[in-house]
Protein chains: 2
Amino acid sequence: MKKVTIRDVARLAGCSIATVSRVLNQSGPSSLENKKRVLEAAETLNFEFNEVGRSLQRQSSKTLAVIIPTISNPVFADAVEGIQASAAESGYRILLGFANYDSEQELKSLETLMAHQIDGVVLTVSDVENSLAIERLEQDSVPYCLIFNQSRNPDSPAVCIDNALAAQNVGERLIKLGHKDIAFLAVQMTSSDRSRQRYSGLCEATRLSGIAKPDLVEVNYEPDNLEDSLSRLFIKRPDVSAIFASNDMLALASVRALRSLGKKIPEEVSIVGFDGIALTSLVHPTIATVFTPNREMGRRATALVIDAIKNNRKVTHQSVMLPFEFRSGQSLTFNQTNVPMHRLSPEHRPSSSLQMKSSQTKRADK
Amino acid sequence: MKKVTIRDVARLAGCSIATVSRVLNQSGPSSLENKKRVLEAAETLNFEFNEVGRSLQRQSSKTLAVIIPTISNPVFADAVEGIQASAAESGYRILLGFANYDSEQELKSLETLMAHQIDGVVLTVSDVENSLAIERLEQDSVPYCLIFNQSRNPDSPAVCIDNALAAQNVGERLIKLGHKDIAFLAVQMTSSDRSRQRYSGLCEATRLSGIAKPDLVEVNYEPDNLEDSLSRLFIKRPDVSAIFASNDMLALASVRALRSLGKKIPEEVSIVGFDGIALTSLVHPTIATVFTPNREMGRRATALVIDAIKNNRKVTHQSVMLPFEFRSGQSLTFNQTNVPMHRLSPEHRPSSSLQMKSSQTKRADK
DNA sequence: AAATCAAATGGAAACGTTTCCACGATTTGG
DNA sequence: CCAAATCGTGGAAACGTTTCCATTTGATTT
């Protein structure tokens with residue numbers, strides 16, 4: 001079946017293609033007579049604009065590129081949903097690229113997407129301080145906005161939460177519950193700035209209370225590897241009573257691994273995750289975690305990018321810090337040998353969901 | 001920064017744009033001298049083809065549309081990863097659309113994507129028997145392939161598993177373990193053909209063994225709703241000892257809901273899911289499920305579509321049935337009041353992972 | 001040395017659209 | 001009632017490619 005073009009519509013309506021374009025786009029004057037005929041012709045022919053022709057002429061495609069590490073972590077899936085929703089509202093489409101926590105792949109993804117005349121980019125990079133993709137975006141003055149990444153330096157525009165602060169809060173919370181030996185569990189430590197920021201936040205908390213520096217356990221997603229690593233951890237530091245996982249998926253997996261090692265959760269070991277994916281409250285035990293507004297991050301970043309596109313400029317270089325929230329869960333309790341439950345005030349009961357809003361939230365509206 | 005075009009390269013290399021195109025695409029003869037100069041010029045200018053111009057001329061975009069209900073169910077995320085990987089191998093990109101289990105949205109998504117000159121489509125529809133999107137694809141002769149959907153009728157091309165058969169197998173397995181009253185838990189029953197197929201497979205199993213027809217419990221993803229529904233179920237049928245959830249996410253959520261209702265898993269109630277998402281083996285209890293090759297489905301469907309594109313025809317109208325596999329888990333055990341554990345042979349221990357390959361697998365190569 | 005042939009090359013059209021510009025027709029103001 | 005302004009309209013260029021076709025060049029055969 002042959003594609004119907006603007007030319008076919010013009011022929012049927014008995015006018016020029018210029019007129020058809022003006023009528024259908026409402027981009028210029030036209031007589032009522034012509035308007036009616038064009039609309040009718042388009043209807044009967046079932047005409048749809050060819051976006052490729054349009055993009056070529058306009059030098060813009062009404063398409064946003066989205067680059068994330070992977071889609072199998074629900075954190076990113078959530079963000080993508082937010083991005084997609086927000087983009088759709090403004091008539092934009094999204095083109096997705098997966099970069100697998102790899103800076104080279106981020107660049108490569110970006111380049112192929114840029115060849116498609118994309119108008120803007122929403123992305124998460126592995127390391128914001130050292131990103132080929134960001135360099136390229138700056139160089140070409142493409143409107144973009146980071147999500148999840150927190151930019152320090154001359155700073156790229158980003159919508160994020162304060163990872164270090166959140167992690168520090170988690171640390172303080174654990175310490176208050178009596179934990180004196182905490183381990184930090186990370187995937188992608190070398191390739192994820194967020195893992196590092198979270199670790200340093202936790203370290204700050206231990207430093208301030210004068211307890212031992214958290215042990216850093218690096219793992220990958222292989223289940224066996226996780227169990228081995230944890231087993232080694234407990235040989236090295238038998239007194240570890242709390243594990244802070246750099247993300248929820250890892251926290252979830254740790255439950256299983258710790259159980260295999262014969263540890264009781266939370267009686268012997270507490271677990272806290274990060275990201276607040278829905279699953280954490282669906283499983284048993286429910287996982288204590290830092291809830292971050294993932295959908296909202298996507299939504300906000302997208303709005304900023306689209307706004308920049310419309311005003312024909314880059315996204316203003318300022319980070320938007322969103323509030324986070326600690327969510328307790330069954331995976332977390334006091335280190336019972338140190339702090340008997342009945343001595344604690346009710347607000348510290350792990351079953352109640354404690355709220356903790358980021359105090360450093362900058363206002364989004366500048 | 002101005003975009004560099006093939007014209008710039010031609011100017012620098014001192015030849016025509018036709019020659020540049022031929023060299024860079026290796027699509028025609030060229031002298032070594034010119035080849036060298038063009039390559040060099042492209043290199044120094046950092047030239048990249050503008051895919052929009054290319055698509056317009058070629059009348060094809062090297063892009064596949066992918067339409068799925070949602071990305072927040074890992075089943076689809078997995079499939080997308082497979083599609084993306086397979087597409088990338090052949091130099092194709094993917095454009096993603098979410099349709100939220102809604103036939104109208106499927107069509108709308110498809111239409112916007114088709115306006116982008118996509119070359120083919122991989123999709124999952126809510127109901128294959130009654131799909132506007134499929135109608136449209138057939139009408140416009142666009143190469144496409146379904147995944148997850150199982151087509152009965154004149155049959156659209158699809159890569160899937162035999163849902164009814166798998167569900168029947170689960171039913172038989174449950175019955176063999178002594179369960180006499182089974183409930184089927186479904187989301188999207190009205191809008192998902194797969195839920196219906198799975199339910200009917202289960203019914204077939206109960207029918208064959210002469211036990212009561214499974215109770216059908218329809219829920220949505222709201223946690224409260226799930227708990228309420230299950231609570232009503234047990235009032236109505238107190239003897240239900242096994243719950244078969246139409247997908248793993250639901251099975252996961254049921255664990256939590258059942259615990260809240262004071263049910264012990266699996267001592268009082270067994271749970272089986274469907275889809276085999278990674279999470280099922282990460283949580284406690286591990287969830288018994290039907291493992292389906294989600295990534296592989298995406299990969300295969302994509303390969304079929306790309307093959308069809310290359311040969312300038314539609315995908316051959318024949319379903320590819322992939323094998324599935326039952327994976328036992330801690331959520332599943334015998335109905336202890338009926339079948340004491342020690343009476344069972346070792347192979348029936350729920351901890352061992354039983355394998356069950358689909359016997360009806362059709363060969364892919366026709 | 002003339003004739004034949006193959007290889008290399010560039011001009012130009014085409015893909016589907018938007019938009020600038022110019023032109024004729026109509027309306028407005030003096 | 002004429003000049004000026006306004007409106008509606010269509011022709012044509014442009015966006016960046018690929019590819020057909022004709023032409024030029026150089027090599028090979030008679």
Side-chain angles (χ1 to χ4, degrees), chain A residues 1-39 41-42 45-63 91 111-119 140, chain B residues 1-39 41-42 45-63 91 111-112 114-119:
Chain A
M1 179 169 279
K2 212 74 219 82
K3 281 273 167 219
V4 20
T5 77
I6 202 175
R7 220 158 232 109
D8 302 318
V9 179
R11 196 175 310 122
L12 182 59
C15 64
S16 73
I17 60 168
T19 301
V20 174
S21 174
R22 275 188 297 255
V23 170
L24 262 22
N25 289 305
Q26 309 189 55
S27 60
S30 66
S31 63
L32 258 63
E33 168 68 5
N34 260 338
K35 194 174 291 185
K36 190 170 140 278
R37 293 228 306 260
V38 167
L39 255 19
L45 291 177
N46 228 300
F47 171 75
E48 298 236 0
F49 279 115
N50 177 326
E51 292 295 335
V52 177
R54 265 184 151 173
S55 300
L56 183 59
Q57 148 67 28
R58 284 203 191 129
Q59 297 290 81
S60 112
S61 61
K62 287 265 187 186
T63 302
E111 280 174 344
T112 49
L113 295 179
M114 286 203 340
H116 281 257
Q117 208 95 288
I118 46 111
D119 299 342
D140 286 18
Chain B
M1 179 169 278
K2 214 71 221 90
K3 281 272 167 222
V4 19
T5 78
I6 202 175
R7 217 156 235 111
D8 301 319
V9 179
R11 195 175 314 120
L12 182 60
C15 64
S16 73
I17 61 168
T19 302
V20 174
S21 175
R22 273 189 297 256
V23 171
L24 261 23
N25 290 305
Q26 310 190 50
S27 59
S30 65
S31 62
L32 257 62
E33 167 67 5
N34 260 340
K35 193 172 293 186
K36 189 169 141 279
R37 293 227 307 261
V38 167
L39 256 19
L45 291 177
N46 227 299
F47 171 74
E48 298 235 359
F49 279 115
N50 177 326
E51 291 295 333
V52 177
R54 262 185 154 172
S55 300
L56 183 59
Q57 147 66 29
R58 282 201 191 133
Q59 297 290 79
S60 112
S61 61
K62 287 266 187 186
T63 303
E111 279 173 345
T112 49
M114 286 202 341
H116 281 258
Q117 208 94 286
I118 46 112
D119 299 341

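Quick caveat: nothing in here was measured; it's all calculated off a predicted structure.
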Open item on the list: Please report the interatomic distance CG(B/Leu56) to CG(A/Asn50), rounded to the nearest 0.5 Å.
Closed with: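 Separation between the atoms: 6.5 Å.
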Task: Minimum-distance pair of heavy atoms, taken over all atoms of B/Ser61 and A/His116 - done: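 Heavy atoms of B/Ser61 and A/His116 come nearest at O-CE1, 4.3 Å.
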Rounded to whole Å, please give me the gap between [atom1] in [X] and [atom2] in [N].
| X | N | atom1 | atom2 | answer |
| --- | --- | --- | --- | --- |
| B/Arg7 | C/dA12 | CZ | P | 12 Å |
| A/Leu56 | D/dG16 | CG | C1' | 6 Å |
| A/Ile6 | C/dT19 | CD1 | C1' | 11 Å |
| B/Arg11 | C/dG10 | CZ | P | 14 Å |
| B/Phe49 | D/dT17 | CZ | C1' | 8 Å |
| B/Asn34 | C/dA8 | CG | P | 10 Å |
| A/Arg37 | D/dG8 | CZ | C1' | 13 Å |
| B/Arg54 | D/dT19 | CZ | C1' | 13 Å |

- [ ] Side chain of A/Ser31 only, please: which of D/dT9, C/dT17, C/dA12 is the nearest?
- [x]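 Selected nucleotide: D/dT9.
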Task: Given C/dC15, D/dC15, C/dT17, the nucleotide with the shortest approach to the side chain of A/Asn50 - done: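 From the listed options, C/dT17 comes nearest.
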Open item on the list: Using a distance-only criterion (donor-acceptor N/O pair, under 3.5 Å, no hydrogens), is the base of C/dG10 paired with the side chain of B/Arg22?
Closed with: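 When only heavy-atom distances are counted, B/Arg22 does reach the base of C/dG10 through a donor-acceptor pair under 3.5 Å.
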Open item on the list: Does A/Ser21 reach a base, just sugar-phosphate, or nothing at all? Heavy atoms under 4.0 Å.
Closed with: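 Base, at least one base atom sits under 4.0 Å.
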Open item on the list: By the 4.0 Å heavy-atom rule, please label A/Gln117 as base, sugar-phosphate, or nothing.
Closed with: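 Touches nothing.
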TODO: Hey, which sits more toward the 5' end of DNA chain C by its nearest nucleotide, B/Arg58 or B/Ala18?
DONE: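 The residue whose closest nucleotide sits nearer the 5' end is B/Ala18.
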Does [X] place a side-chain N or O at less than 4.0 Å from the phosphate oxygens OP1/OP2 of [N]?
| X | N | value |
| --- | --- | --- |
| B/Thr19 | C/dG10 | yes |
| A/Gln57 | D/dA13 | no |
| A/Asn25 | C/dT18 | yes |

TODO: By nearest nucleotide on DNA chain D, pick out whichever of B/Ser27 and B/Val52 is the more 5' one.
DONE: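 The residue closer to the strand's 5' end, by nearest nucleotide, is B/Val52.
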Task: Given B/Ile6, B/Leu24, B/Leu12, the one that forms side-chain contact (heavy atoms from CB on, under 4.5 Å) with B/Val38 - done: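 When side-chain contact (heavy atoms from CB on, under 4.5 Å) is applied between B/Val38 and each of B/Ile6, B/Leu24, B/Leu12, only B/Leu24 qualifies.
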- [ ] Side-chain contact test, heavy atoms from C-beta onward, threshold under 4.5 Å: evaluate it for A/Ser55 versus A/Val52 and give yes or no.
- [x]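 The answer is no; the side chains never approach within 4.5 Å.
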Task: Side-chain touch B/Gln117/A/Glu51, heavy atoms, less than 4.5 angstrom - done: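 B/Gln117 vs A/Glu51: side chains apart.
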